Amino acid sequence: MESEKREDVVMNAKKPWIMGTKYLLDFMFFAGIPVTVSLPWSIKFFGEQLPHLIEHYEETVIIYFVLGIAAEKLLWELRKIFRTVLAENCFVQENVISLRKMGNWSFFIALMAGVRSIVYMTIAMGVVILVFVIAGLFSKVLSFVFEQAVAYKEENDLTV
């Protein structure tokens, strides 16, 4: 009885964080679609304040479009993982696969940001590359951890 109360208290404390994160992920995913689709027009608009965008207009649109699609794919995988968190069943093989895909998409985003840096380099883009390389490594390592947890869980389920 006492442990059930503790579990309820812990779950109630986690709920705002879980739901807040879910809504943030949903917002980022659904807002990313019109942002990516509108790039040809938004880059022209922002090019009035940032002339280097217009100097390399076609390259900028293509690179940011590819980056937008990759970010959407990464967010899609993260939302799939989050569904299992909400269902309180996160140690499943599907999450291992999603984490591997997220690692691949993170590395791809870092590579495309590197390609973008050929057109014009900024310190911020260097930071983006570093962040996505670290995110890719983290996702890959976490997929190994989840894979082991899934194996332990399946083994435990068979012994009960």
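Keep in mind it's a predicted model, so treat the numbers as computed, not measured. Side-chain atoms are counted along with the backbone in the values below, which use heavy atoms only and exclude waters and symmetry mates.
With no hydrogens or angles considered, no side-chain donor-acceptor pair links N95 and K80 at under 3.5 Å. With 3.5 Å as the limit, one finds a donor-acceptor pair spanning the side chains of K153 and N89.
The shortest distance between side-chain heavy atoms of F132 and V128 falls below 4.5 Å. Counting heavy atoms from C-beta on, the side chains of F146 and L142 come closer than 4.5 Å. At a threshold of 4.5 Å between non-hydrogen side-chain atoms, the residues L74 and S106 count as touching. Two residues are said to be in side-chain contact when any heavy atoms from C-beta on lie closer than 4.5 Å; K73 and F108 fail this criterion. Two residues are said to be in side-chain contact when any heavy atoms from C-beta on lie closer than 4.5 Å; K140 and L99 fail this criterion. In this structure the side chain of I54 never reaches within 4.5 angstrom of the side chain of E48, judged on heavy atoms. In this structure the side chain of T84 never reaches within 4.5 angstrom of the side chain of F91, judged on heavy atoms. Annotation: side chain of R116 is not in contact with side chain of M112 (no heavy-atom distance under 4.5 Å).
Separating the CZ atom in F82 from the CG atom in L25 is a distance of 6.0 Å, to the nearest 0.5 Å. Note that NZ of K101 is 12.5 Å distant from OG of S143, once rounded to the nearest 0.5 Å. Taking CZ of F30 as the start and CG of L75 as the end, the distance is 10.5 Å to the nearest 0.5 Å. Note that the OG1 atom of T60 and the CG atom of L50 stand 10.5 Å from one another [nearest 0.5 Å]. Distance check, rounded to the nearest 0.5 Å: CG of L39 to CD1 of I63 gives 11.5 Å.
Hydrophobic cluster membership differs between L111 and M121, with clusters built from Ile, Leu, Val, Met, Phe, Trp and Tyr side chains linked at under 4.5 angstrom. Under the 4.5 Å side-chain heavy-atom criterion for ILVMFWY residues, no single connected hydrophobic cluster contains both V35 and F27. Following chains of ILVMFWY side-chain contacts shorter than 4.5 Å, one can reach L86 starting from W76, so the two form part of one hydrophobic cluster. Hydrophobic clustering places M19 together with M28 (ILVMFWY residues linked when any side-chain heavy atoms are closer than 4.5 Å, directly or through intermediates). A chain of hydrophobic side-chain contacts below 4.5 Å, direct or via other Ile, Leu, Val, Met, Phe, Trp or Tyr residues, connects L78 to L24.
Between the side chain of S139 and the backbone N or O of G136 there is no donor-acceptor pair closer than 3.5 Å. Panel note: side chain T122, backbone M125; a donor-acceptor pair is recorded below 3.5 Å. Under a 3.5 Å cut-off, the side chain of Y57 and the backbone N or O of P40 do form a donor-acceptor pair.
No more than 12 heavy atoms of other residues, nucleotides or ligands lie within 6.0 Å of CD1 in I123, so this atom counts as exposed by the packing criterion.
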Taking it one step at a time, do I129 and S117 satisfy side chain to side chain contact (heavy atoms under 4.5 Å, CB included)?
-> CA-CA 10 Å; I129 293 168; S117 296; 3.9 Å; yes
Stepwise side chain to side chain contact (heavy atoms under 4.5 Å, CB included) check, L137 with F107 = CA-CA 8 Å; L137 291 170; F107 290 139; 3.9 Å; yes
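The heavy-atom pair separating F29 from E72 by the smallest distance is O-OE1, 2.9 Å. Residues I109 and A70 approach most closely at CG1-CB, 3.6 Å, considering heavy atoms. In plain terms, the two heavy atoms of E77 and S98 that are nearest each other are OE1-OG, 2.7 Å.
With salt bridges taken as basic N to acidic carboxylate O contacts below 4.0 Å, one links R100 and E147.
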